[in-house]
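To start, the structure under review is shown below, and the notes come after it.
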Amino acid sequence: MNELVQSLRLWFAPQRIRDEGDTPDYRFSLANERTFLAWIRTALALIGGGFAVDQFLPELAWGIRAGLALALLAAGVLCALRAVNHWVRCERAMRRGEDLPVSRFPTLLGLAVGVVAVAMVVVVLFGWEGR
């Protein structure tokens with residue numbers, strides 16, 4: 001629990017990371033930051049996709065449209081939060097000389113996006129209209 005609280009504090013005070021371990025080669029920190037930005041772009045795309053489904057598919061039944069939109073929006077929110085958490089965990093590991101942390105999140109995100117994509121294919125093929 002203490003580790004979780006400490007990690008959350010680093011989200012809002014990243015300068016405190018410098019108190020741990022040694023400064024890694026700046027190229028690794030910059031690569032970590034680029035990875036963070038890639039996660040943020042993915043989150044923005046998922047959020048945009050959620051709004052697009054809701055706004056541009058009014059002919060879909062409300063429940064289907066809302067379900068698909070909410071799934072994409074939730075994935076975007078989780079992706080954005082995970083981006084910060086992953087950046088902090090990797091930066092700490094590099095400073096401590098530890099192995100980089102492993103995560104199941106990319107697999108879970110990929111599966112979630114895949115499920116939504118299959119649902120969208122079904123909707124396109126069978127044209128579930130809201131009536």
Side-chain angles (χ1 to χ4, degrees):
M1 183 66 173
N2 188 31
E3 184 76 18
L4 175 65
V5 171
Q6 187 177 5
S7 287
L8 287 176
R9 284 184 181 157
L10 291 174
W11 286 25
F12 301 102
Q15 69 277 7
R16 295 173 97 185
I17 266 186
R18 292 183 177 160
D19 297 339
E20 296 192 30
D22 299 318
T23 302
D25 184 330
Y26 71 92
R27 293 173 293 181
F28 298 123
S29 289
L30 292 173
N32 190 27
E33 188 172 319
R34 285 190 301 274
T35 302
F36 166 78
L37 293 172
W39 280 100
I40 292 298
R41 284 190 302 273
T42 302
L44 288 170
L46 290 165
I47 291 167
F51 279 117
V53 165
D54 184 53
Q55 294 299 308
F56 299 118
L57 298 174
E59 68 279 353
L60 279 180
W62 179 84
I64 295 167
R65 188 178 75 235
L68 292 172
L70 288 173
L72 288 168
L73 291 168
V77 168
L78 290 174
C79 191
L81 294 174
R82 182 67 177 127
V84 177
N85 181 261
H86 185 73
W87 177 82
V88 167
R89 291 175 62 212
C90 286
E91 196 66 28
R92 288 177 79 194
M94 287 188 296
R95 289 181 127 335
R96 294 175 174 177
E98 299 172 351
D99 289 339
L100 292 178
V102 296
S103 175
R104 290 186 184 105
F105 187 77
T107 302
L108 296 174
L109 180 63
L111 289 172
V113 170
V115 166
V116 171
V118 167
M120 291 299 297
V121 166
V122 169
V123 166
V124 168
L125 288 176
F126 296 105
W128 291 351
E129 295 181 8
R131 291 186 181 155

Query raised in the report: Should we count CG of Asp99 as having more than 12 external heavy atoms under 6.0 Å?
Result: no

Query raised in the report: Are Arg92 and Glu20 close enough for a salt bridge, meaning some N to O gap below 4.0 Å?
Result: yes

Query raised in the report: Under 4.5 Å between side-chain heavy atoms, hopping through other hydrophobics if needed: is there a path connecting Ile17 to Phe12?
Result: yes

Report summary line: Between the CE atom in Met120 and the CG atom in Leu125, the distance rounded to the nearest 0.5 Å is 11.0 Å

Query - Within-4.5 Å side-chain heavy-atom neighbours: Arg82 and Leu108 - result: no

**Report entry** Heavy atoms from other residues, nucleotides or ligands near CZ of Arg96 exceed 12 (cutoff 6.0 Å)
**Finding:** yes

Query - side-chain contact (heavy atoms from CB on, under 4.5 Å), paired with Val113, selected from Val116, Val115, Leu109, Leu111 - result: Leu109

Query raised in the report: In terms of hydrophobic clustering (I, L, V, M, F, W, Y; side-chain heavy atoms under 4.5 Å; direct or indirect links), are Leu37 and Val84 co-clustered?
Result: yes

Report summary line: Nearest heavy-atom approach of Phe36 to Ala83 is CD1-O, 3.4 Å

Query raised in the report: So, for Ala119 and Leu68, which heavy atoms are closest and what is the spacing to 0.1 Å?
Result: CB-CD2, 3.5 Å

**Report entry** Shared hydrophobic cluster for Val77 and Leu70 (ILVMFWY, side-chain gaps under 4.5 Å)
**Finding:** no

Query raised in the report: Do other residues, nucleotides or ligands put more than 12 heavy atoms under 6.0 Å from Asp25 CG?
Result: yes

Requested in this report: Among Ile, Leu, Val, Met, Phe, Trp and Tyr joined by side-chain contacts under 4.5 Å, find the other residues sharing a cluster with Phe28 and list them by chain and number.
Outcome: Met94, Leu100

Requested in this report: Find the distance between CZ (Arg41) and SG (Cys79) and round it off to the nearest 0.5 Å.
Outcome: 11.0 Å

**Report entry** Exercise: identify the closest heavy-atom pair between Arg89 and Val102
**Finding:** NH2-O, 3.5 Å

Query raised in the report: Under 4.5 Å between side-chain heavy atoms, hopping through other hydrophobics if needed: is there a path connecting Leu72 to Leu78?
Result: yes

Query raised in the report: Arg18: what forms a side-chain hydrogen bond (donor to acceptor under 3.5 Å, both in side chains) with it, not counting sequence neighbours?
Result: none

Requested in this report: Nearest 0.5 Å please: distance from the CZ atom of Phe105 over to the OG1 atom of Thr107.
Outcome: 10.5 Å

Report task. Can you measure from CH2 (Trp62) to CG (Asp54) and round to the nearest 0.5 angstrom? Result -> 9.5 Å

Query - Within-4.5 Å side-chain heavy-atom neighbours: Leu81 and Asn85 - result: no

Requested in this report: Would you mind reporting whether Arg95 and Thr23 have side-chain heavy atoms less than 4.5 Å apart?
Outcome: yes

Report summary line: For Ile47 and Gly76 the tightest heavy-atom approach is CG1-CA, 3.9 Å

Report summary line: Shortest non-hydrogen pair, Arg65 vs Pro58, comes out as NH1-O, 3.5 Å

Query raised in the report: Does Thr42 have any side-chain hydrogen bond (donor to acceptor under 3.5 Å, both in side chains) partners at least two apart in sequence or in another chain, and if so, which?
Result: none

Query - Contact check, side chains of Trp87 and Ile40, non-hydrogen atoms, under 4.5 Å - result: no

